[in-house]
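Working notes for the structure below.
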Amino acid sequence: MTSLKQSIRQIHPIIRLCLVFLSLSLISSCSSKAPEDVFTQKPLPYAENALEPVISAQTMALHYGKHHAAYVKKAAELLAQSGLDGDTPEEIIRMTAGKAKHQDLFNQAAQAWNHEFFWNCLKPQGGGTPGGELLKRIESSFGSFEAFKKEFSAKAAGVFGSGWVFLVQDGKKLSILTTSNADTALAHDLNPLFVLDVWEHAYYVDYQNKRGDFVNSVLNQLANWDFAASRLD
Ligand code: FE2
């Protein structure tokens, strides 16, 4: 022990300082983030009124400002009580999927993630037809872009109650996955490219019971196909 102390004393003071800083940064990088840093609500990528007239500012104020905000806050609270460690919402979702003990945390975490993903799937003056590799994959998987939109709309109409409609990638193939309530493509080991929220809170203020009109309007006027293409593996 004495010789160890002597050896440490013999290290140049500047090198000793560097070693202390290195140790502290290693300790810091190994520790998990605080729950409120894992689940944070990022700003919308556009103004609340930027998606009008397809989605009103009133809907966005409620949807982003109340519903999404509440999912994020609750997810952080439940993560703090769970005893689980994770640095990202994706990690927490994968840890809790299918586990009855963590069902409440999964629901809030998945809703927090699904909504942030949904905002990124929209943009003002979106819609139209994707290009490049995404269009090629859609055509090889569905026959044509029109056939894809038809199938997406039909599946969106078929979601009973609340849920989500995802365009997902599974290897080379693309397909449409519908989920109920908070369930997310991440929990099914699929790569989500695009999603549409078909909970009533997403469209009832603007479209009342006409979910089909909401779905078609979003696909044709707001879909951010560049974002979807950027997620292709
Ligand atoms: Fe929603």
Side-chain angles (χ1 to χ4, degrees), residues 40-73 110-132 134-135 137-139 142 144-168 174 176-185 192-232:
T40 59
Q41 191 180 30
K42 293 191 181 130
L44 279 172
Y46 32 72
E48 276 186 355
N49 65 356
L51 304 181
E52 290 189 332
V54 181
I55 300 177
S56 68
Q58 186 188 1
T59 289
M60 290 304 293
L62 289 167
H63 201 174
Y64 172 80
K66 303 294 181 189
H67 292 277
H68 185 203
Y71 294 129
V72 171
K73 183 169 181 281
Q111 283 296 81
W113 188 91
N114 283 346
H115 280 89
E116 184 178 313
F117 189 64
F118 177 48
W119 310 136
N120 287 320
C121 288
L122 308 178
K123 69 174 185 180
Q125 287 88 51
T129 306
L134 178 59
L135 182 60
R137 301 274 187 106
I138 287 175
E139 287 174 343
F142 298 95
S144 68
F145 182 61
E146 286 309 310
F148 154 71
K149 283 204 295 184
K150 200 170 165 189
E151 186 178 330
F152 192 96
S153 300
K155 289 198 167 165
V159 173
F160 184 74
S162 300
W164 298 84
V165 190
F166 289 89
L167 171 64
V168 295
L174 306 188
I176 295 165
L177 172 77
T178 60
T179 65
S180 292
N181 300 318
D183 196 12
T184 176
L193 305 181
F194 178 83
V195 77
L196 183 55
D197 185 344
V198 291
W199 284 57
E200 283 188 349
H201 66 225
Y203 60 87
Y204 220 83
V205 169
D206 300 325
Y207 296 84
Q208 291 79 51
N209 60 325
K210 296 176 193 140
R211 181 192 282 179
D213 289 355
F214 165 69
V215 172
N216 291 328
S217 298
V218 170
L219 286 179
N220 293 325
Q221 298 177 65
L222 296 182
N224 187 345
W225 298 125
D226 292 336
F227 174 73
S230 75
R231 292 191 50 89
L232 278 171

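Values below: all heavy atoms of this structure, side chains included; hydrogens, waters and symmetry mates excluded.
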Please lay out, stage by stage, how S162 and N181 fare under the test side chain to side chain donor-acceptor pair (under 3.5 Å). CA-CA 5 Å; S162 300; N181 300 318; 4.7 Å; no

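- Taking the side chain as every heavy atom from C-beta outward, V159 and S180 never approach each other to under 4.5 Å.
- Nearest heavy-atom pair, L51 versus P124, reported as atom, atom and distance to 0.1 Å: CD2-N, 3.7 Å.
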I would like to know whether L174 and F148 meet side chain to side chain contact (heavy atoms under 4.5 Å, CB included); could you show each step before the answer? CA-CA 10 Å; L174 306 188; F148 154 71; over 6 Å; no

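- Closest approach of I55 to D206, counting heavy atoms only: CA-OD2, 3.7 Å.
- In terms of heavy atoms, A157 sits closest to R211 at O-NH1, 3.9 Å.
- Remark: of the listed residues W119, Y71, Y204, W119 is the sole one forming a ring pair (Phe, Tyr, Trp, His ring centres under 6.0 Å) with H63.
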*Candidate pair H201 and L62, rule side chain to side chain contact (heavy atoms under 4.5 Å, CB included), full reasoning*: CA-CA 8 Å; H201 66 225; L62 289 167; over 6 Å; no

| said: Apply ring pair (Phe, Tyr, Trp, His ring centres under 6.0 Å) to residues F227 and F117 and explain how you reach the verdict. | reply: CA-CA 10 Å; F227 174 73; F117 189 64; 5.5 Å; yes

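- How far SG of C121 is from CG of N224: 7.5 Å, rounded to the nearest 0.5 Å.
- For the pairing with E116, the side-chain hydrogen bond (donor to acceptor under 3.5 Å, both in side chains) check across Q111, K42, Q41 returns one residue only, K42.
- Looking at heavy atoms from C-beta onward, L122 lies in side-chain contact with L222 at the 4.5 angstrom threshold.
- The local environment of CD in Q208 is crowded, with over 12 non-hydrogen atoms from other residues, nucleotides or ligands closer than 6.0 Å.
- For the residue pair V218 and V54, the shortest heavy atom distance occurs at N-CG1, 4.1 Å.
- For the pair K155 and E151, the salt-bridge criterion is met [side-chain N within less than 4.0 Å of a carboxylate O].
- By the 4.5 Å heavy-atom criterion applied to side chains, I176 and F194 are not counted as neighbours.
- No side-chain donor-acceptor contact under 3.5 Å links D183 to the backbone of T179.
- Summarising the local packing, NZ of K149 is surrounded by more than 12 heavy atoms from other residues, nucleotides or ligands at distances under 6.0 Å.
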Check: Should F145 and W225 be marked as a side chain to side chain contact (heavy atoms under 4.5 Å, CB included) after you check the CA-CA gap, both sets of side-chain angles, and the distance that decides it?
Finding: CA-CA 12 Å; F145 182 61; W225 298 125; 3.9 Å; yes

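- The two residues F214 and D197 make their nearest non-hydrogen contact at CE2-O, 3.3 Å.
- With ring centers used as reference points, W164 lies under 6.0 Å from H115.
- Here the side chains of T59 and Y203 are not in contact, with every heavy-atom distance at 4.5 Å or above.
- Each of T184, T178, L196 was compared with F166 under the side chain to side chain contact (heavy atoms under 4.5 Å, CB included) criterion, and only T184 meets it.
- Across every non-hydrogen atom of A110 and A182, the tightest pair is CB-O, 3.2 Å.
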For this session: Go through the steps to decide whether V215 and V198 satisfy the test side chain to side chain contact (heavy atoms under 4.5 Å, CB included), and finish with yes or no.
Result: CA-CA 8 Å; V215 172; V198 291; 4.3 Å; yes

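- Between M60 and Y46, the closest side-chain pair of non-hydrogen atoms falls below 4.5 Å.
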